[in-house]
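Written below as structure tokens is the structure these notes are about.
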Amino acid sequence: MRIKLTKIGNSWGIRLPKNVINECEFKNELNLSVEQKRVILTAIHQERAGWREKIAENGENKCAGCEEEWQW
């Protein structure tokens with residue numbers, strides 16, 4: 001797929017088609033890296049979002065739904 005660079009102030013940018021954004025699950029922020037003259041964009045996934053809130057609700061040593069102490 002060919003896309004064009006677009007002048008944005010003193011910088012340059014690109015427009016990504018909606019289907020590419022959806023397929024890659026891009027949100028407001030991305031990770032950008034350059035490897036061997038290639039630009040790589042990757043989605044940022046916050047897999048642990050909400051963990052702090054759950055710990056605060058249940059106490060530090062308790063898990064949600066755990067009524068009894070864990071035995072190894």
Side-chain angles (χ1 to χ4, degrees):
M1 169 186 314
R2 284 188 165 194
I3 58 174
K4 292 184 178 185
L5 283 173
T6 303
K7 185 80 169 145
I8 303 172
N10 291 330
S11 300
W12 291 89
I14 59 170
R15 287 183 157 174
L16 298 175
K18 186 176 181 179
N19 63 331
V20 170
I21 291 171
N22 291 338
E23 184 176 336
C24 294
E25 299 178 3
F26 288 162
K27 304 294 181 204
N28 292 336
E29 288 188 88
L30 307 174
N31 282 322
L32 181 142
S33 60
V34 179
E35 296 177 13
Q36 298 176 0
K37 296 186 180 183
R38 294 180 182 186
V39 176
I40 301 168
L41 298 174
T42 52
I44 298 173
H45 295 287
Q46 295 182 349
E47 296 173 9
R48 297 181 179 175
W51 281 26
R52 288 184 193 266
E53 292 80 12
K54 289 292 181 190
I55 291 171
E57 286 174 15
N58 296 305
E60 283 188 35
N61 297 320
K62 296 180 182 176
C63 65
C66 298
E67 285 77 30
E68 57 191 55
E69 195 171 319
W70 179 258
Q71 299 280 329
W72 286 97

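Please read these numbers as outputs of a predicted model, since none were measured by experiment.
Residues satisfying the side-chain contact (heavy atoms from CB on, under 4.5 Å) test with Leu16, not counting sequence neighbours, are Ile14, Ile21, Phe26, Leu41. Listed by chain and residue number, nothing satisfies the side-chain contact (heavy atoms from CB on, under 4.5 Å) test with Asn10 (two or more places apart in sequence, or in another chain). When the side-chain contact (heavy atoms from CB on, under 4.5 Å) test is applied to Glu35, the partners found at least two apart in sequence or on another chain are Ser33, Ile40.
The two residues Ala43 and Cys24 make their nearest non-hydrogen contact at CB-O, 3.5 Å. Of all heavy-atom pairs spanning Met1 and Val20, the tightest one is CE-CG2, 4.0 Å.
The structure places CD1 of Ile8 at 6.0 Å from OG1 of Thr6, a figure rounded to the nearest 0.5 Å.
Within a 6.0 Å radius of NZ in Lys7, other residues, nucleotides and ligands contribute more than 12 heavy atoms.
The hydrophobic cluster containing Leu5 also contains Leu32, counting ILVMFWY residues as joined when their side-chain heavy atoms lie under 4.5 angstrom apart, directly or transitively.
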